[in-house]
Enquirer: 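Please find one structure pasted underneath; my questions will follow.
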Amino acid sequence: MHLSGDVIVGVDGSDQSAEAAAWALKVLRGTEHGLRLIHVITPAHLEIDDEADLRETGQSVLADLRTKLEALDAAHPEGASGVGIDTEVVVGDAAEELAQRADDAGLLVLGRHGAGRVNSKRIGTVSFGLPGHALSAVLVHTVTGGSEFDDPAVHPARDGGRIVVGLDTSEYSHVAAQDAAALAVRCGWTLHVLVAPDALGDPQATHSGAESALEWLRADHPDLQVELDELAGDPARLLLEASETADLVVLGKRGAGVFAGMTSQLGRTSSAVLTDAASSVLLVPYRRDERLRARLA
């Protein structure tokens, strides 16, 4: 996928956030970017709680996780990746602090529900609210199958993974499709491009547009394994059904924080998928992409 900067992971001491950090470390292999683990502490009464003690506890959480990640990286069959891992403890509001740091990040990664069990399908308020405000792409990670900490020498990255991207006529979704294709190639997984034709539109025109998009993706990613899924129905419902057997669902999101005062930058489909998806969800903000401009020229 397109990474313009380091990957930030919000860490709160939960299994979910640790799994998210392990996923991010794997994605960073072979890139020039680093991994930043941010632990935000939001005290109930800052005037009562000892900030020094809070920071010490946070540093301990991050140090333990960093040790685990370095051991995981070193155990990789290809050896350690050399990805730098930085840690930071912040006292403040989690959503505000992470959103601010995501301004110059390539990707922000969050656990699906920090306070829940690893297999929880619930989503916390921070994980739901941040994707609409962060300038970077945001991935809400959900554990599907085994743990990200499984020994890669014993449990290599599995084949047959599935990434689903929702495609419509918007430029937002086409930018998301490019990131989904790049990530599918990196993981060696199949990309499923899901198109839900408008019941009032021209089915043949929709099909032709989807086929054209696939040709465009194949041209940019020659090693891409891609399939087209044209299904009738509500896009949100179709994507949620697809998430039951997918490893990741990818969607485009509007803007880049232009309307900062709005409650959410996410549309109805993105909000529904983010809330109830069984898989991880990646929300990609619009950016100027020369490949898209060349295709539309």
Side-chain angles (χ1 to χ4, degrees), residues 1-3 7 22-31 33 76-78 81 106-107 109 137 139-146 148 150 152 155-197 206-233 235 238-252 269-270 273 277-284 287 289-292 294-296:
M1 64 175 297
H2 175 80
L3 286 178
V7 174
W23 180 90
L25 179 62
K26 294 177 182 179
V27 169
L28 280 166
R29 293 188 69 88
T31 74
H33 302 296
H76 194 279
E78 298 176 2
S81 65
L107 176 67
V109 183
L139 185 135
V140 178
H141 182 270
T142 298
V143 178
T144 54
E148 299 289 351
D150 288 342
H155 303 283
R158 65 181 182 82
D159 296 325
R162 299 175 76 251
I163 297 178
V164 175
V165 61
L167 187 71
D168 56 27
T169 58
S170 71
E171 294 186 17
Y172 309 111
S173 70
H174 285 76
V175 170
Q178 277 287 351
D179 277 13
L183 192 56
V185 171
R186 174 179 287 273
C187 296
W189 291 353
T190 300
L191 176 64
H192 289 257
V193 177
L194 194 155
V195 176
T206 300
H207 175 76
S208 297
E211 288 287 358
S212 176
L214 260 63
E215 292 178 10
W216 173 57
L217 291 174
R218 291 190 183 104
D220 285 335
H221 307 277
D223 296 328
L224 178 66
Q225 304 173 59
V226 59
E227 297 180 8
L228 177 61
D229 298 332
E230 294 181 88
L231 303 172
L238 294 173
L239 287 165
L240 288 173
E241 290 176 354
S243 76
E244 295 288 343
T245 55
D247 296 272
L248 177 66
V249 171
V250 183
L251 294 167
T269 297
S270 297
V273 173
S279 67
S280 299
V281 178
L282 172 63
L283 289 151
V284 179
R287 65 176 183 273
D289 193 308
E290 292 300 324
R291 294 166 300 186
L292 178 60
R295 176 174 180 253
L296 296 177

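The structure displayed is predicted, hence computed values, not measured ones.
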Enquirer: Looking at every non-hydrogen atom in both residues, tell me the closest pair between Ala137 and Leu282 and how far apart they are.
Expert: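 That closest heavy-atom pairing would be CB-CD1, 4.2 Å.
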Enquirer: Can you name the closest pair of heavy atoms from Ala278 and Ser243 and give their distance?
Expert: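 So the minimum-distance heavy-atom pair works out to N-OG, 3.0 Å.
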Enquirer: Taking all atoms of both residues into account, what is the closest heavy-atom pair of Asp220 and Gln178, and its distance?
Expert: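 For Asp220 and Gln178, the tightest heavy-atom pair comes out as OD2-NE2, 2.8 Å.
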Enquirer: Looking at Lys26 and Glu148, would you say the former's side chain and the latter's main chain have a donor-acceptor pair under 3.5 Å?
Expert: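 Looks like yes, one N/O pair under 3.5 Å.
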Enquirer: Report the distance from atom CD of Glu227 to atom CZ of Arg162, rounding to the nearest 0.5 Å.
Expert: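 So the CD of Glu227 and the CZ of Arg162 are separated by 8.0 Å.
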Enquirer: For Ala184 versus Leu224, what's the shortest heavy-atom pair and its separation?
Expert: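 Looking at all heavy atoms of both residues, the shortest contact is CB-CD1, 4.0 Å.
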Enquirer: Within a strict 4.5 Å, meaning less than it, do heavy atoms of the Val250 and Ile163 side chains meet?
Expert: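 The answer is yes, as the side chains (C-beta and beyond) meet within the 4.5 Å cut-off.
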Enquirer: Any chance you could measure His141, atom NE2, to Leu248, atom CG, to the nearest 0.5 Å?
Expert: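 Rounded to the nearest 0.5 Å, the NE2-CG separation comes out at 9.0 Å.
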Enquirer: Run the side-chain hydrogen bond (donor to acceptor under 3.5 Å, both in side chains) test against Ser81 and tell me which residues pass, sequence neighbours left out.
Expert: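 Checked Ser81 against side-chain hydrogen bond (donor to acceptor under 3.5 Å, both in side chains); matches are Asp73.
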Enquirer: Does a donor on one side chain and an acceptor on the other come within less than 3.5 Å for Ser173 and Asp168?
Expert: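 Their side chains do contain a donor-acceptor pair, which is all the 3.5 Å distance test asks for.
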Enquirer: Can you tell me how far OG of Ser270 sits from CG of Leu251, rounded to the nearest 0.5 angstrom?
Expert: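 That separation rounds to 4.5 Å.
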Enquirer: Could you tell me if the side chain of Arg186 sits less than 4.5 Å from the side chain of Thr31, heavy atoms only?
Expert: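 With C-beta onward as the side chain, the pair touches.
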Enquirer: Take Asp229 and Val164, measure what side chain to side chain contact (heavy atoms under 4.5 Å, CB included) needs, and give me the verdict at the end.
Expert: CA-CA 9 Å; Asp229 298 332; Val164 175; 5.8 Å; no
Enquirer: At what distance, to the nearest 0.5 angstrom, does CG of Leu228 lie from NE2 of His207?
Expert: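 Leu228 atom CG to His207 atom NE2 measures 7.0 Å (nearest 0.5 Å).
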Enquirer: For the atom pair CZ (Arg29) and NE2 (His76), what is the distance rounded to the nearest 0.5 Å?
Expert: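 One finds 4.0 Å between CZ of Arg29 and NE2 of His76.
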Enquirer: Return the CD to OG1 distance between Glu211 and Thr206, rounded to the nearest 0.5 Å.
Expert: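 Spacing of CD (Glu211) from OG1 (Thr206) equals 12.0 Å.
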Enquirer: If I compare all heavy atoms of Pro235 with all of Ala196, which pair ends up nearest, and what's the gap?
Expert: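 Where Pro235 meets Ala196 most closely, the heavy atoms are CG-CB, 4.2 Å.
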Enquirer: Any sub-3.5 Å donor-acceptor pair from Thr190's side-chain atoms to Val226's backbone N or O?
Expert: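 Judged by distance alone, no pair lies under 3.5 Å.
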Enquirer: Would you sort out whether Val249 and Leu240 count as a side chain to side chain contact (heavy atoms under 4.5 Å, CB included), showing the intermediate values?
Expert: CA-CA 9 Å; Val249 171; Leu240 288 173; over 6 Å; no
Enquirer: Compare every heavy atom of Val109 with every heavy atom of Ala24, then report the nearest pair and how far apart it is.
Expert: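 Looking at all heavy atoms of both residues, the closest pair is CB-CG2, 4.3 Å.
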Enquirer: List the steps and the verdict of side chain to side chain contact (heavy atoms under 4.5 Å, CB included) for Val7 and Val27.
Expert: CA-CA 9 Å; Val7 174; Val27 169; 5.8 Å; no
Enquirer: Short question: side chain of His221, backbone of Asp223 - any donor-acceptor pair under 3.5 Å?
Expert: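 No; zero donor-acceptor contacts below 3.5 Å.
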Enquirer: For Ala177, enumerate each residue passing the side-chain contact (heavy atoms from CB on, under 4.5 Å) test, keeping only those at least two apart in sequence or located in another chain.
Expert: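 Ala177 satisfies side-chain contact (heavy atoms from CB on, under 4.5 Å) with Val165, Leu167, Leu217 only.
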Enquirer: What's the verdict on side chain to side chain contact (heavy atoms under 4.5 Å, CB included) for Val284 and Val175, showing C-alpha distance, side-chain angles and the deciding distance?
Expert: CA-CA 8 Å; Val284 179; Val175 170; 4.1 Å; yes
Enquirer: Given side chains that start at C-beta, do those of Val185 and Leu183 come closer than 4.5 Å, heavy atoms only?
Expert: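 With C-beta onward as the side chain, the pair stays apart.
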